[in-house]
Amino acid sequence: MINIFKLSLSFLFLNIMTFAFADSEILGDQAYLMKKDKAIGISPILTPVKVIKELKNKTIIQIRGFRLENYPQMIVRDMKRGELYVETKDEESSNKSFKIIKKYEDDYGEVWHEVEGIFVIDSKKIAKKPKGLYLKAKKMYERTCSMCHHLPAPSSYTVNQWPQQIESMMEQVALDVPTKSFIIKYLQQNAADAN
Ligand code: HEC
């Protein structure tokens with residue numbers, strides 16, 4: 001009896017603690033998500049994360065998102081907006097390291113999981129100056145994409161349309177992987193349906 005009481009009390013306390021210290025941040029660089037010293041996957045630059053605890057060089061973070069039951073490797077913002085939050089090494093890494101909060105079925109009969117996971121990342125990957133980072137993304141987009149035609153407003157396309165638009169430009173402009181990822185995330189977070 002006492003044990004159960006103590007357990008539920010400490011559980012409550014833990015939850016309150018987590019809540020009280022959880023602070024929304026964004027990644028300033030692509031980050032490896034570590035679980036027991038093994039990388040289970042990566043999160044791209046500009047992904048929102050909740051900081052649970054800062055240790056010396058490591059930070060404990062929580063990531064929440066959605067994944068398809070049939071393709072759990074990709075964790076995205078929600079069922080309508082496929083902004084990439086996490087790409088895991090394989091299905092098992094996703095299924096083992098994310099907890100299912102709720103299941104949904106979309107209009108096509110596909111089953112989605114709302115999930116959350118707690119990971120350790122290198123503290124340097126948390127953006128120190130998020131405003132400066134967004135300004136850098138904006139400038140990079142303007143510089144890279146206004147050479148041949150006028151710059152499309154980020155709101156001209158939806159979150160799910162932008163990656164295809166960028167892919168279709170790859171014959172015209174060669175972007176390295178980090179730049180491409182940075183521009184796609186910037187455009188998705190300012191897309192027609194971003195808010
Ligand atoms: C080297 C020249 C060049 C650069 C640089 C360039 N584009 Fe384009 N873009 C084109 C051309 C040519 C077209 C029209 C033909 C086409 O659709 O392929 C176009 C068309 C587009 C369209 C309209 C497609 C449609 O369906 O009407 C979008 C959106 C676009 N570009 C986005 C971008 C973005 C984002 C970047 C930066 C990553 C970029 N472009 C950089 C040459 C370029």
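The basis for the numbers below is simple: all heavy atoms, side chains too, and nothing from hydrogens, waters or symmetry mates. Every number for a ligand or one of its atoms is a count from 1 in the order of the listing.
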Sidechain N-carboxylate O distance under 4.0 Å for [X], [Y]:
{"X": "E114", "Y": "R67", "value": "no"}
{"X": "K102", "Y": "E116", "value": "no"}
{"X": "K103", "Y": "E69", "value": "yes"}
{"X": "D78", "Y": "K80", "value": "no"}

key: Heteroatom proximity flag, H149 to ligand 1, N/O under 3.5 Å   =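 In this structure, H149 places an N or O atom under 3.5 Å from an N or O of ligand 1.
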
Which residue owns the protein heavy atom closest to [atom], what's the atom, and how far is it?
{"atom": "atom 2 (C) of ligand 1", "value": "C148 SG, 1.8 Å"}
{"atom": "atom 27 (O) of ligand 1", "value": "Y157 OH, 4.2 Å"}
{"atom": "atom 17 (O) of ligand 1", "value": "M169 CE, 4.4 Å"}
{"atom": "atom 38 (C) of ligand 1", "value": "C145 SG, 2.7 Å"}
{"atom": "atom 26 (O) of ligand 1", "value": "Q165 OE1, 4.1 Å"}

| message | So, taking the atom named CZ in R81 and the one named OG1 in T158, what distance separates them when rounded to the nearest 0.5 Å? | response |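 Nearest 0.5 Å value for the CZ-OG1 distance: 10.5 Å.
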
- Query: Taking the six-membered ring for Trp, are Y104 and F66 parallel (under 30°), tilted (30 to 60°) or perpendicular (over 60°)?
  - Reply: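 Tilted, since the angle between the ring planes falls between 30° and 60°.
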
Only one of K125, K136, K185 clears salt bridge (Lys or Arg N to Asp or Glu O under 4.0 Å) with D29; which?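 With D29 as partner, K125, K136, K185 yield a single salt bridge (Lys or Arg N to Asp or Glu O under 4.0 Å), made by K125.
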
Does the separation of the ring centres of F98 and F119 fall below 6.0 angstrom?
->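 Distance test on ring centres: under 6.0 Å, yes.
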
Item checked: Per-atom contacts, ligand 1 versus V173 - under 4.0 Å to a heavy atom ->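 Once the distances to V173 are compared, the set is 5 (C), 41 (C).
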
Within a distance under 4.0 Å of any heavy atom of I166, pick out the atoms of ligand 1 and give their elements.
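Ligand 1 atoms under the 4.0 Å threshold to I166: 35 (C).
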
Mark whether atom 5 (C) of ligand 1 lies under 4.0 angstrom from at least one protein heavy atom.
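Protein heavy atom within 4.0 Å of atom 5 (C) of ligand 1: present.
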
* Any non-hydrogen protein atom less than 4.0 Å away from atom 15 (C) of ligand 1 ->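 Answer no: nothing from the protein, no heavy atom, is under 4.0 Å.
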
Please state which part of Q172 comes within less than 4.0 Å of ligand 1, counting heavy atoms only: side chain, backbone, both or neither.
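It is both parts that get close, each with some atom under 4.0 Å.
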
